[in-house]
2 protein chains.
Amino acid sequence: MSKVGKKVLVVDDEASIREMIAVALGMAGYDCIEAANTQDAHALVIDNKPDMILLDWMLPGTSGIEFARRLKRDDMTADIPIIMLTAKGEEDNKIQGLEAGADDYITKPFSPRELVARLKAVLRRATPQGMDEPIEVSGLKLDPICHRVMSHDQPIDIGPTEYRLLQFFMTHQERAYSRAQLLDQVWGGNVYVEERTVDVHIRRLRKALGAQHDHLIQTVRGTGYRFSSKEG
Amino acid sequence: MSKVGKKVLVVDDEASIREMIAVALGMAGYDCIEAANTQDAHALVIDNKPDMILLDWMLPGTSGIEFARRLKRDDMTADIPIIMLTAKGEEDNKIQGLEAGADDYITKPFSPRELVARLKAVLRRATPQGMDEPIEVSGLKLDPICHRVMSHDQPIDIGPTEYRLLQFFMTHQERAYSRAQLLDQVWGGNVYVEERTVDVHIRRLRKALGAQHDHLIQTVRGTGYRFSSKEG
DNA sequence: TGCTATTGTGACAATGACGTGACGCTTATG
DNA sequence: CATAAGCGTCACGTCATTGTCACAATAGCA
């Protein structure tokens, strides 16, 4: 039934939080190792090579962000996804954390279910080969490194949300997604947004793609949307 | 008409709060059942199997947290998401509530809009869709993941009802079904539609499949229809 | 061959889902 | 501070889908 659990390193100075996370992850079939500070954590990373790290922002000693930076600088550990745990209202920290290389963040307090959901999403997204390689479909090219979309060598100007939407579609082609799934994957799990908002961004993306490529995004009536180069 | 809303159990000792929530949920298309204490609530959970529970923290008798723990301990009820209603400033309670298995919390006072939004988000996370395998019969392939029907790599365009009809047939081949059975299985149990409506959708499906595949759907005179790759 | 029950077929109005433009709000940018 | 850009929501228009009907076609049977 359950696959061999991925190893998750939890870094937090509060033992009760670690305990709660460990329980939640255990029930979801993950192996959990714990550290109370970044020094122990660093040793455990080298030692156990976990598949993912849950990292509290507020830590005594070296701050979480510094720890994240150090991991991302080392090729051996740069590929390990990091989810940052932040307290409510620390918006600035989130941005800094993401810039430091974190792959997602969760605001405390969070539910075990949400934790596992985000964790799954990040692990799913963390396909090593994918994230930085350009993707091209029938003359439409998305380059994550340049953070730019090109249509036959002509730049296409779109907003951040449309970019993430297109990136998700191009990395998950052929498959149909409901509005709810798109909100989860593109907007992030814990935002409360009307489902019809997806329609509007689909519209903006289609318009930006132009007649040349807008047929790539197909409406699946009664279900959601799909990205496919095949006609539909 | 057919959209039977999800059932939501509201547990709160103040009737006015329950009333307000019931109205808000009703307008959003949810069925709402109410309980004033955890004993009634527990009976209603067993009885009605709600899809989600809104649970006030401060309750006379068994506290909300105890109630939540009991539900999460029972396999039959452990999967029901719980949103806790807490008063402002009860930060400790929130953490305890989440540890007890609650999936989210809302701080009073809250707007109906926020309530519905959070509720949607939790329900969205709680209902992952199953990964179904594609089915193929003599060049006709139905892929539930792409939500698409292909005839020898050519997409076939059909409406949602025809899609569900075809999906049911392809997962229940070789057997004849009456119109009443098809209405049950494809339309859903408690909708009133004429039996002849099935004929019309069979017709539409056959037409969409084209001469290539329409013989797969066979008329069983006096009984109903059957999906089979064998002739006659 | 006729007769009747059953099914096929095209059309139609009502419904609902989706597309589309506009608006106000927030946040970046100068 | 002013301006611009991006975002989420709404209201309305448009079109696909749906259930129903009337009538034509067909199979089964006397």
Side-chain angles (χ1 to χ4, degrees), chain A residues 91-92 94-95 98-99 147 149 156-166 176-180 182-183 186-188 190-211 214-215 217-226 232, chain B residues 1-5 27-29 111-114 116-118 120-121 147 149 155-166 176-180 182-183 186-188 190-211 214-215 217-226 232:
Chain A
E91 296 295 331
D92 295 346
K94 287 175 190 170
I95 297 173
L98 292 176
E99 283 175 353
H147 203 272
V149 182
I156 291 184
D157 184 47
I158 54 177
T161 304
E162 281 78 33
Y163 179 88
R164 272 178 294 139
L165 187 57
L166 181 60
Y177 291 92
S178 69
R179 292 168 177 74
L182 291 173
L183 285 179
V186 177
W187 273 254
N190 54 355
V191 289
Y192 310 115
V193 171
E194 292 292 324
E195 293 202 342
R196 288 300 307 275
T197 299
V198 175
D199 296 12
V200 179
H201 284 274
I202 290 279
R203 150 77 174 154
R204 287 167 181 161
L205 182 52
R206 276 174 172 160
K207 185 187 262 187
L209 292 182
D214 60 356
H215 67 279
I217 299 177
Q218 297 157 5
T219 304
V220 185
R221 282 245 153 198
T223 300
Y225 297 94
R226 169 182 53 209
Chain B
M1 181 179 299
S2 59
K3 250 192 178 176
V4 178
M27 294 196 344
S111 68
R113 182 196 200 83
E114 180 183 0
V116 173
R118 307 283 288 260
K120 272 187 196 167
H147 205 275
V149 182
I156 292 184
D157 184 49
I158 55 177
T161 304
E162 282 79 35
Y163 179 88
R164 272 177 290 134
L165 187 57
L166 181 59
Y177 292 92
S178 70
R179 292 168 177 76
L182 290 173
L183 284 178
V186 178
W187 273 255
N190 38 10
V191 286
Y192 170 68
V193 280
E194 294 292 324
E195 290 204 342
R196 289 302 308 277
T197 300
V198 175
D199 296 13
V200 178
H201 283 276
I202 290 280
R203 150 74 175 158
R204 286 169 181 157
L205 182 52
R206 277 173 171 159
K207 185 188 264 186
L209 292 182
D214 61 355
H215 66 281
I217 299 177
Q218 297 155 6
T219 304
V220 184
R221 195 155 253 266
T223 302
Y225 298 93
R226 169 183 54 206

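Residue numbering restarts at 1 for every chain, and letters A, B, ... go by the order of the sequence lines.
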Expressed in angstrom and rounded to an integer, what is the separation of [X] atom [atom1] from [N] atom [atom2]?
| X | N | atom1 | atom2 | result |
| --- | --- | --- | --- | --- |
| K207(B) | dT9(C) | NZ | P | 8 Å |
| Y225(A) | dC18(C) | OH | C1' | 6 Å |
| R179(B) | dT7(C) | CZ | C1' | 7 Å |
| I217(B) | dT7(C) | CD1 | C1' | 15 Å |
| H147(B) | dA17(C) | NE2 | P | 14 Å |

Side chains of Y192(A) and E194(A): donor-acceptor distance under 3.5 Å anywhere? no
Measuring from L183(A):CG to E195(A):CD, what's the distance to the nearest 0.5 Å? 6.5 Å
Rounded to the nearest 0.5 Å, what separation is found between the CG atom of L166(A) and the CD1 atom of I202(A)? 9.5 Å
In the structure I gave you, are the side-chain heavy atoms of [X] and [Y] within less than 4.5 Å of one another anywhere?
| X | Y | answer |
| --- | --- | --- |
| T161(B) | L165(B) | no |
| T223(A) | Y163(B) | no |
| Y225(B) | V220(B) | no |

Give each protein N/O atom lying under 3.5 Å from an N/O atom of nucleotides 6-10 of chain D, with the pair distance.
residue	atom	partner	partner atom	Å
dC7(D)	OP1	T161(A)	N	2.8
dC7(D)	OP1	T161(A)	OG1	2.4
dC7(D)	OP2	E162(A)	OE1	3.3
dC7(D)	O5'	T161(A)	OG1	3.3
dG8(D)	OP1	W187(A)	NE1	3.0
dG8(D)	OP2	W187(A)	NE1	3.3
dG8(D)	OP2	H201(A)	NE2	2.7
dG8(D)	O6	R204(A)	NH2	2.7
dT9(D)	OP2	E194(A)	N	2.8
dT9(D)	OP2	T197(A)	OG1	2.7
dT9(D)	O3'	R113(B)	NH2	3.2
dC10(D)	OP1	R113(B)	NH1	3.4
dC10(D)	OP1	R113(B)	NH2	3.2

Touch check for Y163(A), heavy atoms < 4.0 angstrom, all strands: base, sugar-phosphate only, or nothing? nothing
Please write out the pairs of protein N or O atoms and N or O atoms of nucleotides 27-30 of chain D separated by less than 3.5 Å, giving the distance to one decimal.
none

With sequence neighbours excluded, residues passing salt bridge (Lys or Arg N to Asp or Glu O under 4.0 Å) with R179(B): D199(B)
